Amino acid sequence: MIGVIVFPGSNCDHDCYHVMKHVMGAPVRFVWHKERELPAGTEAVVLPGGFSYGDYLRTGAIARLSAVMGAVERFAKKGGPVIGICNGFQILVESGLLPGALLRNSGLKFICRDVFLRVENSSTPFTNKLRPGQVLRMPIAHGEGNYFLDAAGLKSLNENNQVVFRYSSQEGAVTPEDNPNGSLENIAGIVNRQGNVLGMMPHPERCAEAILGNTDGRLLFESLLAWLSGNFEKPGARASGSFR
Amino acid sequence: MKEPEITEELIREHGLNAEEYARILDILGRAPTFTELGIFSVMWSEHCSYKSSRIHFRNFPTSAPWVVQGPGENAGIIEIGGGLCAAFKMESHNHPSFIEPYQGAATGVGGILRDIFTMGARPVASLNSLRFGPLDDPLQRHLLSGVVSGIAGYGNCIGVPTVGGDVYFHPCYSGNILVNVFNLGIVKKEKIFRGTASGAGNPVIYVGSKTGRDGIHGVTMASEEFTDDAEQKKPNVQVGDPFTEKLLLEACLDAMDRDLIVGIQDMGGAGLTSSSSEMAGRAGTGIELHIDKVPPREKDMIPYEFMLSESQERMLIVAQSGKEEELLEIFRKWDLEAVVIGKVTDDGFLTVKWNGKTVAQIPAKKISSEAPLYDRPCKRPSWQDGLQDLRLGAIGLPEDYNRVLISLLESPNIASKQMIWRQYDHMVRTNTVVLPGSDAAVIRVKETGRMGEAAGNPLEMGIAMSVDCSSRYCYLDPYLGGMHAVAEAARNIACSGAKPRAVTDNLNFGNPEKPEVMWQFVNAVRGIGEACRVLETPVVGGNVSFYNETKGAAIYPTPTIGMVGIFEDVRRHLTQGFKREGEVVALLGATKEELGGSEYLAVIHGIEKGMPPSLDLEAEKRLHGLLFEAVPLLSSAHDCSEGGLAVALAESAMAGGIGAGVSLGPLIAGGPARKDALLFGESAGRVVLSLAGKNMGALKGLAGKWNIPLFELGRTGGGSLRIDSDINLTLGELSGAFNDSLRRHVEAR
């Protein structure tokens, strides 16, 4: 079962739930932020986009203190797959589950549009149906997605192959022109060192159905379900419990 | 604050005239208290009472088999099928947005969202219609940037996509911008809630933000002209908190789902006063409020201030007696303040108590629905004849039509609004099928697919929405202009492949006490009514914004139309861009020698004169019927409006990334003699199409059946737009002008 965390102010929670349940046909549950434990049988966790706690103070800064985040951290440390999308990514960096910070977009404005992403790492629970170098089209919608990390951290991020997606051209070239928000090295999504916690600014749940004109995002959810059902063997830790 | 004596001056400051005050004395049988004076003042303001406009709404058709709720509620509702309904409404926040653009626009969005979810509907799409002065004025750039940020700030945070809208610039708005916001929500037919306070003894519950002194007399401000002291009205503008509203939205929908609520209404304009008296008025009951129980945001507030505050993100709920604890528990879950502040009575009075003492007692109906009614004098402006007198003979033809087309594409009224809508989250909720920048916004209704699955019919339905108004047309001829606003909005819906179904309006005008303004209003309303009748799109709700004047100068009449259409199968939608090379480019509808009121005359020749294009409503209706049947044959459809045929062709080419080569020769016989009218005239009821050549025969058959002229103009293909020997521009040249113009206007200074 996949748990979608609902913070006050989450607004992509219904979208993530919809994709999991009605598009992918997977069992899914909402998990309220005041819960101290994840529901029994949770196999993966989604931190959805939105404006948790209004994003007052700083994006993700208050959400990371909510009761449920303790349980999410324990789940992640045991190797459970966690994906944070947009505000979810911001919460993951605030909570320290992922390195770095997400600053205001370099253009200082909220941006909602499609971007292209080059896949850098396809050996995660969320990207095993992709191949390195593959280019995906996916929408972004954020005011604070400008990824930043200190030089030492960035070096280690690259050495450990923790960058999963970079903003690119349609052909896969990673250039400043294709960087929508000023992110360091066009970084759009990263995983933790163990590879089980993914944070990304683009919204795969917004491009997983033909009627929306784009199904590239579906590949991430297919990857996760394959990984959970054991069709993909990942070295190292993996969440317990069977799926389906 | 201390309560002042009731003096003549105080009465006048409350915007009440001698006759209205006499009526108050008559209703009460005594002099009003200060609190009562405040209550009458806001409830009888133009904004709340519609006292100058109401009698003219008889002209509007308001019913149809699919109309579930017509005017008079917080929003209109139509049935879309499968037991589901769409609730929608449009409202203005013009004056606050001029004074404080970010908060003014943001709270406009917040207000319209509450109007929708108060009906039990989940808001799923927003649109907006904005008017500013020309962008060479730094103030207008500041206003545009603030308004757009405010709409984005509120809508993005609460997670309701802003999927479309329109933006125009004209000097008449320099001192009085327009910010009209539209929202649509989805509700199950049996779960619709209304703003009624029925059941004597039922508790009245206050929910949401604390009450402060913000926004006191906001509605009075909306009911008078601006003078030089607009800056001093800043304290009248409320401050929005989208996060609290998001919690309020979820908590209210949760409570509604559990049958704990009898009636509910948001505290918008005139706050606690209007919500309580309107709910009692609709139910024919009374309501007793103990306002010392209302959570205050500031110290030492008096009853007058509590009753008139327009603090945002507040709702008034009448609960089922005995279920209040269950209801309060829901609001506690969402960390919201909820307090029982009174009860429903059967005496018909709005009674306000303060620490046990009665500070106001007024028959609820007298303030909610029996406000004064005015049939204000009308007079055709003396300048109207001169305005309509256009002599084309004196206007020379341009030498370079390429240059003209580029200038039109660069005109901020026509240029792409991408830099605006990219700041709005237009995809959240994953329903947006057609993105902003098209003729109409299209969303799917997920619930219909899911609900239908069980019944073996998993088709996803869709909703198309468009907002429209050519204020130049309305200025030149309000009656014809009003008809055009409806016809074009409906044509946009039809071009998207949907069936136009119903209208909500937002009527923005000057000071109704001026007979010329009233004449504009009455005629525009007549035109809207006539068009809605013929097109079978009843008016199910609306809003009037008068007094859009600064220092005596009124805006052009701007009756904005919000049109909603339905798809039984959302996959049947059309978009404006050419899809494939080598397809037929065709035009539906007749082209006449009509340049009056055109963007071409205004931009190229600096002339705003003449009659707007003629409009045959019966032909318009047939055109929509034809389009609806033709959807499976077509690759693209695009309404011909500002800038005429040349601009429409350029837009279809740019949107599809495919050029075209066309000849307008077929249009000349019986059409315009002037080449500029052929290229840039704005004859109504025309649609640019592209389709596979093999479908042309079938389309001709349909055009014959519906009796609409059809012309084959050429073929798609290549990287440029070629129109006879007059226009030859690459897609790069077109897009360079069209896509980047607004940014250049806003930033390059």
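Keep in mind it's a predicted model, so treat the numbers as computed, not measured. In what follows, chains carry the letters A, B, and so on, assigned in the order in which the sequence lines appear, proteins first and then strands, with residues in each chain numbered from 1.
- Contact between A:Leu97 and A:Glu73 at its shortest, heavy atoms only, is CD1-CG, 3.8 Å.
- Among the candidates A:His142, A:Lys34, A:Glu205, the residue making the largest number of heavy-atom pairs closer than 4.5 Å to chain B is A:Lys34.
- Of the residues A:Ile190, A:Leu198, A:Leu220, the one that meets the side chain to side chain contact (heavy atoms under 4.5 Å, CB included) test with A:Val164 is A:Leu198.
- Outside the 6.0 Å centre-distance limit, the rings of B:Phe243 and A:Phe51 are not counted as a close aromatic pair.
- Under the 4.0 Å criterion applied to side-chain N and carboxylate O atoms, B:Arg141 and B:Glu747 are not assigned as salt-bridge partners.
- Contacts with chain A were tallied for B:Asn156, B:Val433, B:Leu249, B:Val148; B:Asn156 has the most, counting heavy-atom pairs under 4.5 Å.
- When every heavy atom of B:Ala152 is checked against every heavy atom of B:Gln423, the shortest pair comes out as CB-O, 3.2 Å.
- Only the backbone of B:Asn431 comes within less than 4.5 Å of a heavy atom in chain A; its side chain stays farther off.
- The parts of B:Arg422 that come within reach of chain A are both its backbone and its side chain, each placing non-hydrogen atoms under 4.5 angstrom from that chain.
- Interface summary for chain A: among B:Glu250, B:Gln418, B:Arg429, the most heavy-atom pairs under 4.5 angstrom belong to B:Arg429.
- Using a 4.5 Å cut-off between heavy atoms, A:Tyr56 touches chain B through its side chain atoms alone.
- Nearest approach of B:Asp425 to B:Met427, heavy atoms of both residues: OD1-N, 3.1 Å.
- Note on B:Lys333, B:Lys246, B:His573, B:Arg571: by heavy-atom pairs under 4.5 Å with chain A, the leading option is B:Lys333.
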